[in-house]
Structures are given as structure tokens and as C-alpha cells.
Amino acid sequence: MASSLSKSDKKKVLDFAAWSFNITTSVGIIMVNKALMATHGFSFATTLTGLHFVTTTLMTFVFRWLGLSQPSHLPLPDLIKFVIFSNLSIVGMNVSLMWNSVGFYQIAKLCMIPASCLLEVVFDHVHYSRDTKLSIMVVLIGVAVCTVTDVSVNAKGLAAAVIAVWSTALQQYYVHFLQRKYSLNSFNLLGHTAPAQAGSLLLVGPFVDFLLTGKRVDHFGFTSIALFFLTLSCVIAIGVNLSQFICIGRFSAVSFQVLGHMKTVLVLSLGFLFFGKEGLNFQVVLGMILAVVGMIWYGNASAKPGGKERRSVLPVRSEKPSGALDEKDGSEK
């Protein structure tokens, strides 16, 4: 009993550490990118993401050199599908933000949760309890109340939003799917995907950014402070990419989306704290409270027996790289 309790406590500590790592790095990179783009004028979001994956690729090389990540196998067709989903997600979100109102962009982001739920129900035969479904609805309502303001829709903006939502849901589902199917930990999976994403995004990024901004990245006049924020953004991105894979691997894409809205609440709170209280009102506060209550409810409901059950087991490869770090300690939520 004592050993079982100890293992349970260890899992809780690791779960909390994984979420804290993801939330801290995600909120940090949003604040840094806001300074880089809004204050210093580096508006090339797709190219910036490509640079993020360059530094992440360098991290995977270092980890392999240190023996923290061992050679592993990911079939080329699976890698290509993953890179397509991921790059469509990045480009789609950037285009959606440009072509849609902020309100509709936020609604599209919220649609990723039901899209992820549908993928898990269809492909993994996951069953959600009534409390789990209701808690997800409370989170969606809370985040919508505090973030959705003006809403206007146009045809091309709607198309971009649909592509962004489904490609993001598929990318996050695929992270969990590939880790289970090929017994890959986060370090191994990033070692396969980061170089491919870095190369492809740096290839298409400048053209996409020119289409969105009318500016060329090679004509940008770097200052020392802009270069500092660019470097800082790339360093923090290593943690963002790694923690995303760790969290989705430990839990699921749906849990990552639901509990990940804590980042939305924190970004709003820090924005009011550091950039003034303009826009802070009863509606925003109520929405943030609802979202946090929904997240706590979801965590409790999904952890209960029957809260979220996988009705089929995906066959996984029995071999596992020896000596590799494995952050997947415990069952999925």
C-alpha cells in the first residue's frame, strides 16, 4: 500500500511539474513575442516559428549527445503527415488571426476542444462521463466570456479558421498517437519532427509572412534589443515545444486543450498587471473565474473512474530505446 501511495504521489508531482513547465514557458513566450512584435516590429510570425524549431532541433542534438535521448524509429509517412498537420496549424492560425476579427479568432480556438474530443471518440473510442462533458462546457463558456468581444465572419476567414482548428486538433492528437504507437518519449519524437518542421517553415515562412504583412524578413532592420528578444523567444520555445509533447504524452490532446486555457487566464491577468487595466471589467473577471472552476472540475471529473475511459487499446511496439528518458509515468487522463 505504501509503495502504491508513493507511486501515486510521484505521478502527481510529475504531472504538476509538466503542467507548470508548459504554462510557465507558454506564458513567457507570449509576453516575449508581444514585446518583439508589437514593440520592436518583428511581425514575421511564421519565420519566427521556424527559428523556434531550429533551436529545438539543436536541443535534441545536445540531448542525444548527452545520452538523454536514444536513436528511435518513426516511419517517413507518419513524419510527413505530422509535419503537414503541424505546419498547416501554424500557418492557419496566423492567417485566421489576420483575416478574422479577434472575437471570431478566439471562438475558432475554442472549437479545438470539441474537435479534439471528436477525434478521440472516433479513433480511440473514448467515453466521457456527464460531469466531464459539463466541465468542458464550463471552461468553454468561461474563456468565451472573457475573450470574445467583436465577432464578424467572412468566407476566406472562415476557411482559414476551419483549416487551423482541424489541423491543430490533428497535430495534437497525432503527438499522443505516435508516442503510444511507437513507444516514443517526448525527446525522441521531437528529434524526428523538429528538424523537418524547422526546414519546411524556414522555406515557406518568409513567403507566408510577406503575404500576411507585405514586408520582407530579409529587409528587417535588427537592433540589439530586437535581437535579444528574438534570441530569448527561441530559447523559451525549446521549453514550449518540449513541454507540449510531454503534457500530451502524459495526458491527451483534450486535457492539454482544456487545462491549457489556464494560460489564457494567466496571460489576461499578467496583461492587466503589466500593461494597464484597460478592458478589465466584471465580464472578464466572471469569465476567468468560470474558466478556472471548469478546469478544476474537469481535473476531478476526468480522474474519477468512468470519467474518461478508452474503450480500445492501441497496439504499441514492444521495443523501447534503452537508457532513454521517459516522462510517461502513470496512466493517461
Side-chain angles (χ1 to χ4, degrees), residues 26 30 33 43-50 52-53 77-124 126 128 133 136-137 139-178 193 196-197 200-201 203-205 207-213 240-241 244 248 252-261 263-264 267 287 291:
S26 297
I30 288 171
N33 286 351
S43 55
F44 310 100
T46 311
T47 304
L48 178 61
T49 308
H52 288 169
F53 281 106
D78 285 323
L79 175 61
I80 291 173
K81 281 188 284 187
F82 181 88
V83 171
I84 290 173
F85 294 150
S86 297
N87 289 358
L88 276 177
S89 169
I90 293 163
V91 174
M93 292 303 293
N94 290 338
V95 173
S96 176
L97 181 59
M98 179 184 178
W99 286 349
N100 292 309
S101 66
V102 175
F104 187 75
Y105 172 79
Q106 291 293 345
I107 290 175
K109 286 180 67 176
L110 291 175
C111 288
M112 292 175 192
I113 292 179
S116 296
C117 287
L118 183 60
L119 290 176
E120 288 192 354
V121 169
V122 171
F123 294 115
D124 293 342
V126 170
Y128 296 93
K133 293 174 185 175
I136 291 174
M137 287 184 62
V139 173
L140 292 173
I141 292 170
V143 176
V145 166
C146 64
T147 61
V148 176
T149 51
D150 61 311
V151 178
S152 59
V153 186
N154 59 76
K156 65 179 184 180
L158 178 62
V162 170
I163 292 172
V165 167
W166 282 106
S167 57
T168 302
L170 284 165
Q171 183 262 346
Q172 293 183 354
Y173 172 83
Y174 226 50
V175 169
H176 195 67
F177 172 82
L178 293 176
T193 60
Q197 286 190 260
S200 56
L201 285 173
L203 186 65
V204 303
F207 299 101
V208 173
D209 289 333
F210 180 76
L211 173 67
L212 295 178
T213 66
V240 174
N241 291 328
Q244 182 196 46
I248 296 177
S252 69
V254 172
S255 295
F256 181 75
Q257 283 284 345
V258 173
L259 300 180
H261 277 296
K263 292 175 282 191
T264 305
V267 168

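Positions are given from 1, in the same order as the sequence printed here.
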*Flag the pair F210 / F207 as yes when their ring centroid distance falls below 6.0 Å, and as no otherwise.*
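For F210 and F207, the ring centres are not under 6.0 Å apart.
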
Beyond-backbone contact of [X] with [Y], side-chain heavy atoms, under 4.5 angstrom:
X    : Y    : answer
L88  : W166 : no
S86  : T193 : no
V95  : W99  : yes
L110 : V143 : yes
I136 : V254 : yes
F82  : Q197 : yes

Enter the distance from [X]:[atom1] to [Y]:[atom2] here, rounded to the nearest 0.5 Å.
X    : Y    : atom1 : atom2 : answer
L118 : C111 : CG    : SG    : 12.0 Å
Q171 : S89  : CD    : OG    : 6.0 Å
L201 : N87  : CG    : CG    : 4.0 Å
L140 : I107 : CG    : CD1   : 11.5 Å
S255 : I113 : OG    : CD1   : 10.0 Å

*Could you walk me through whether L178 and Y174 pass the side-chain contact (heavy atoms from CB on, under 4.5 Å) test, one step at a time?*
CA-CA 6 Å; L178 293 176; Y174 226 50; 3.7 Å; yes

Over all atoms of both residues, closest heavy-atom pair of [X] and [Y]:
X    : Y    : result
A196 : V83  : CB-CG2, 3.6 Å
C117 : Y128 : CA-OH, 3.8 Å
A45  : N94  : CB-ND2, 3.7 Å
H52  : N241 : O-ND2, 4.2 Å
A115 : V165 : CB-CG1, 4.0 Å
M112 : T168 : SD-CG2, 3.6 Å

*Would you sort out whether F53 and I90 count as a side-chain contact (heavy atoms from CB on, under 4.5 Å), showing the intermediate values?*
CA-CA 12 Å; F53 281 106; I90 293 163; 4.1 Å; yes

*Just by modelled atom types, is the T47 backbone N or O under 3.5 Å from a matching donor or acceptor in the D209 side chain?*
yes

